[in-house]
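Below, all heavy atoms of this structure are taken into account, side chains as well, without hydrogens, waters or symmetry copies.
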Amino acid sequence: MEAENTNLIPNLILEGRKAVLEALNHDKPIDRILLRGDGEKPGDKSISGTLRMIAAKARERRLVVQEVTRAKLDELSETGHHQGVIALCPAVPYFSVEEILQIARDRNEPPFVIILDGVTDPHNLGAVLRSADAGGVHGVIIPKRRAVGLTGTVAKTSAGALSHVAVARVGNITRVLDELKKAGLWIACAEMNAPSLFEADLTGPLAIVLGAEGEGVSRLVAENADFSVSIPMLGKIASLNVSVAAGVLIYEVVRRRLK
């Protein structure tokens with residue numbers, strides 16, 4: 001199952017109470033819902049009427065609901081009539097982890113997956129997707145929270161790759177690592193001060209985890225990896241941009257597989 005241009009969802013931003021309720025009632029893919037918060041503290045008590053109903057339905061679907069100021073909604077609004085609510089929708093539908101593994105089976109190839117832990121910059125995600133497509137990666141996995149989703153900026157930065165690379169969005173990265181291990185994949189974590197990737201076995205079914213710049217991969221995720229690798233840094237700078245690091249790692253795997 002491949003992501004194709006025909007699956008593109010044109011409305012990346014849904015505005016207004018009726019439009020968002022319709023999307024919720026018909027299970028439209030939604031990254032997160034932004035609600036106007038009238039109180040000083042977040043929580044349902046600061047949301048009233050139809051907005052409270054939207055919040056309840058969204059949480060039933062386990063969507064991310066975030067209270068923001070009216071000024072923030074005004075800034076994002078394209079129509080000027082958001083009525084206190086905006087839904088941010090993915091540029092393309094998300095895949096499941098199983099669908100990503102099925103893509104590898106359909107190609108008769110050992111699975112090759114990239115996992116991004118906490119990458120919040122849409123330009124970085126778009127660039128990773130472009131490298132993933134070029135390197136034959138079967139899918140990219142991103143978390144629902146504290147990470148960027150499939151926005152219009154991601155689509156643009158990917159230079160079309162978003163239409164060809166399956167992206168799964170999951171609630172818990174560590175659980176996904178267990179799922180991938182059960183499917184026979186080895187989990188490699190990109191970390192500073194780890195052994196060089198040139199010394200690691202990157203030939204079989206593989207998932208590579210990369211973290212955001214600065215913070216890196218979270219401790220719990222790193223602890224659940226099978227092994228760690230690093231990219232040798234020969235200059236004065238200690239690390240690479242995550243999208244550049246992803247490209248280096250992806251093409252080291254490609255080099256091994258083409259031997």
**Fill in**
Paired with Arg36, the side chain to side chain contact (heavy atoms under 4.5 Å, CB included) test is passed by just one of Arg70, Glu67, Lys72, namely Arg70

**Prompt:** Quick one: side-chain contact (heavy atoms from CB on, under 4.5 Å) partners of Thr120, sequence neighbours excluded?
**Reply:**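 For Thr120, no residue satisfies side-chain contact (heavy atoms from CB on, under 4.5 Å) once neighbours in sequence are set aside.
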
**Prompt:** Who pairs with Val254 by side-chain contact (heavy atoms from CB on, under 4.5 Å), at least two apart in sequence or on another chain?
**Reply:** Ile250, Tyr251, Leu258

Name each donor-acceptor pair under 3.5 Å that joins a side chain in residues 80-93 to protein atoms two or more places apart or in another chain, with its distance.
| unit_1 | atom_1 | unit_2 | atom_2 | d |
| --- | --- | --- | --- | --- |
| His82 | ND1 | Gly84 | N | 2.9 |
| His82 | NE2 | Asp74 | OD1 | 2.6 |
| Gln83 | OE1 | Arg17 | N | 3.0 |

**Message:** Apply side chain to side chain contact (heavy atoms under 4.5 Å, CB included) to residues Thr174 and Asp178 and explain how you reach the verdict.
**Reply:** CA-CA 7 Å; Thr174 54; Asp178 289 338; 5.8 Å; no

Would you say [X] and [Y] make side-chain contact, with heavy atoms under 4.5 Å?
{"X": "Leu101", "Y": "Leu180", "answer": "yes"}
{"X": "Val209", "Y": "Ile141", "answer": "no"}
{"X": "Asp31", "Y": "Val64", "answer": "no"}

**Asked** Honestly curious: do Val229 and Phe198 fall in one hydrophobic cluster under the side-chain, below-4.5 Å linking rule?
**Response**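 Per the 4.5 Å side-chain linkage, Val229 and Phe198 are co-clustered.
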
**Message:** If I take atom CG from residue Leu206 and atom CG from residue Asp226, how far apart are they, to the nearest 0.5 angstrom?
**Reply:**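 Atom-to-atom, Leu206:CG and Asp226:CG are 9.5 Å apart.
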
**Gap separating the CG atom of Leu14 from the CG atom of Leu21, nearest 0.5 angstrom** =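 Interatomic distance, Leu14 CG to Leu21 CG, rounded to 0.5 Å: 11.5 Å.
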
**Asked** Are the charged groups of Lys18 and Glu22 less than 4.0 angstrom apart, N to O?
**Response** no

**Prompt:** Are the charged groups of Glu179 and Arg175 less than 4.0 angstrom apart, N to O?
**Reply:**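 Looking at Glu179 and Arg175, the cut-off is not met.
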
**Message:** Does Arg255, at its CZ atom, have more than 12 non-hydrogen atoms belonging to other residues, nucleotides or ligands within less than 6.0 Å?
**Reply:**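 Yes, the 6.0 Å shell around CZ holds more than 12 heavy atoms from other groups.
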
Please tabulate, one pair per line, all N/O donor-acceptor pairs under 3.5 Å involving side-chain atoms of residues 109-118, not counting sequence neighbours.
| unit_1 | atom_1 | unit_2 | atom_2 | d |
| --- | --- | --- | --- | --- |
| Glu109 | OE1 | His138 | NE2 | 2.6 |
| Asp117 | OD2 | Ser218 | N | 2.8 |
| Asp117 | OD2 | Ser218 | OG | 3.0 |

Please check: side-chain N/O of [X] versus main-chain N/O of [Y], any donor-acceptor pairing under 3.5 Å?
{"X": "Arg169", "Y": "Ile142", "answer": "no"}
{"X": "Ser158", "Y": "Ala155", "answer": "yes"}
{"X": "Ser243", "Y": "Asn124", "answer": "no"}
{"X": "Tyr94", "Y": "Gly149", "answer": "no"}

**Asked** What residue pairs, at least two apart or across chains, pass side-chain hydrogen bond (donor to acceptor under 3.5 Å, both in side chains) with a residue in residues 194-204?
**Response** Asp201-Thr203

**Item:** Pair Asn25, Lys57: side-chain N/O donor-acceptor within cut-off below 3.5 Å
**Value:**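 Checked: Asn25/Lys57 side chains pair up, N/O donor to acceptor below 3.5 Å.
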
**Residue pairs passing the salt bridge (charged side-chain N to carboxylate O under 4.0 Å, His left out) test where at least one lies in residues 118-132, sequence neighbours excluded** = none

